[in-house]
2 protein chains.
Amino acid sequence: MLNYTTSEENYIKAIYHLQKVDGMVTTNELAAELESKPASITDMMKKLKAKKLLNYQPYQGFRLTADGTKVALGIIRRHRLWEFFLAEKLKFTWDEVHEVAEDLEHVSNKKLIDKLDEYLGFPRVDPHGDPIPDANGKIEISKKICITELAVNTVSTVASVSDHSSEILELLEHKKIAIGTKVEVKKKFEFDNSLEIKINRQPVITISEQLAKNIFVYTS
Amino acid sequence: MLNYTTSEENYIKAIYHLQKVDGMVTTNELAAELESKPASITDMMKKLKAKKLLNYQPYQGFRLTADGTKVALGIIRRHRLWEFFLAEKLKFTWDEVHEVAEDLEHVSNKKLIDKLDEYLGFPRVDPHGDPIPDANGKIEISKKICITELAVNTVSTVASVSDHSSEILELLEHKKIAIGTKVEVKKKFEFDNSLEIKINRQPVITISEQLAKNIFVYTS
DNA sequence: AAATAAATTTAGACAAATCTAAATTTATTT
DNA sequence: AAATAAATTTAGATTTGTCTAAATTTATTT
């Protein structure tokens, strides 16, 4: 496996994430995501195309090749393993891990990452519930839906939370909702799209539409 | 604390290490140490001087200021804590830790390093026996001498080993010599400068001059 | 102390990554 | 389908870190 600069890695990772939403990624989208300028994007796209990480025709947007996707999954693996380490071993809170992992992810020593993985017990998801690719780049895509889509009176498990801020963390901790928590929607209110949910055998609690939109559960 | 580039940090660290031997560091020395060219050194010295990390007059060599030393100790702290982590937690061997730590040391998040330190139990020395600066940059300089200087029939403790290769590691493991091992020199041979030493209550063993030169013990 | 050698610095070039401003292509409107 | 707007690319500049080759300074020799 070749090595890439921190800058290249940040572009590759951003394209990977944007692709999941869009399929094809555009110059302006990527510039917004990376807080840089469209001209800088075009420059880098040429470079990544030359390295065969990207399919790219001028003016037509871009998407990662199979090779590019493999590189992206390697970066995401490193990022999420470090996030797990920071939360589990160093007792960082949920909202702090991302920023630190942004730096650690660029240390790309395969043996380091594989031994870290082993040390951590081969975790399957990071502290936000996002899946961690394995050493071969295989990622477990479990089907998830937003809790707002969950049928009433069906028990499910919280899979992930899409907002990673300290504010949502505070609220989730207060309501005793975490990754892995069993939840059941008891009632949906049309007026404000708030939900009444039950956690295990505790009394019903109310969650707002804004909160519900960020909570995803396994479909099963 | 300001942030420095990986390149700047590598220069600062190299100057710190060379200074300990020489006092004043020269352009060629540093170029050799960093495997770069003298012209590159001069360029960087101007930059570090402008940042007040370095005392430098053209043609006169250079030395870190108090600020520069503080920065160097921060880098060394990170490097040695990661070395300890790699050896202790991820079970890397002694000769493998340096290379990986060379990358990890440039992730300069104070909270990360202080929490790592705590997680590791505030270790005082890295796997080679070199002291780890604390969060305030204080470094414990314990007096050490080469085992070749140790008086006959005096028990001492192995403090550090200056060569970090896998070859010396193999030999040290075979002879059951490690950091912290209690040793006693029983006899010195003029002919080849080999030593006969005792480890704890085991039979006398012989070590060559080449090996002895790399073993340092506490003076106490 | 002049000549020579060694060390160091300067001058100018280059690659990587970024930017601004202008030009071009594609998309959208009237 | 022209005209206009939006998106994208190109051209040229800038910064950082590096280099080679030439010039300069310091050290060493005869």
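First the proteins, then the strands, lettered A, B, ... as listed; each starts at 1. Here the structure is a predicted model, which means the values were calculated and not measured. All values below come from the heavy atoms of this structure, side chains included, with hydrogens, waters and symmetry mates left out.
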Do [X] and [Y] come close enough that some side-chain heavy atom pair is under 4.5 Å?
| X | Y | answer |
| --- | --- | --- |
| B/Val183 | B/Thr157 | no |
| A/Lys111 | B/Leu90 | no |
| B/Asn3 | B/Ser108 | yes |

- request: Between A/Pro58 and B/Gln57, just flag the one whose closest nucleotide in DNA chain C comes earlier from the 5' side.
  value: B/Gln57
message: Applying side chain to side chain donor-acceptor pair (under 3.5 Å), can you list everything that pairs with A/Thr42, at least two apart in sequence or on another chain?
response: none
query: Does the cation-pi check pass for B/Lys89 over B/Tyr119, that is, NZ or CZ under 6.0 Å from the six-membered ring centre and within 45° of its axis?
result: yes
query: Cationic tip of A/Lys115 within the cone over B/Phe92's six-membered ring, i.e. under 6.0 Å and within 45° of the normal?
result: yes
field: B/Trp94 side chain vs B/His164 backbone, donor-acceptor pair below 3.5 Å
entry: no
Donor-acceptor under 3.5 Å (B/Thr26 side chain, B/Gly61 main chain): no
- request: Kindly say whether the aromatic ring centers of B/His98 and B/His128 come within a distance under 6.0 Å.
  value: no
field: Check: A/Phe122 ring centroid to A/Phe84 ring centroid under 6.0 Å
entry: no
statement: The ring pair (Phe, Tyr, Trp, His ring centres under 6.0 Å) partners of A/Phe216 (sequence neighbours excluded) come to none
- line: Within residues 10-19 of chain B, those residues having any heavy atom closer than 4.0 Å to DNA chain C are none
- prompt: Among residues 37-53 of chain B, which residues get a heavy atom nearer than 4.0 Å to DNA chain C?
  reply: B/Pro38, B/Ala39, B/Thr42, B/Lys46
task: For A/Phe85 and B/Phe85, run ring pair (Phe, Tyr, Trp, His ring centres under 6.0 Å): C-alpha distance rounded to whole Å, both residues' side-chain angles, the deciding distance at 0.1 Å, then the answer.
output: CA-CA 12 Å; A/Phe85 169 77; B/Phe85 169 77; 5.2 Å; yes
task: Kindly assign one of parallel, tilted or perpendicular to the pair B/Phe62 and B/Tyr56, based on the angle between their ring planes and the thresholds 30° and 60°.
output: perpendicular
query: When all nucleic acid strands are considered with a 4.0 Å heavy-atom cut-off, which category describes B/Phe62: base, sugar-phosphate, or nothing?
result: nothing
- line: 5'-most to 3'-most nt of DNA chain C touching chain A (<4.0 Å, heavy-atom partner on protein side) reads C/dA16 to C/dT26
Per-nucleotide pairing state of DNA chain D [Watson-Crick or G-U, under 3.5 Å; [ ] pseudoknot-crossing; | other strand]: ||||||||||||||||||||||||||||||
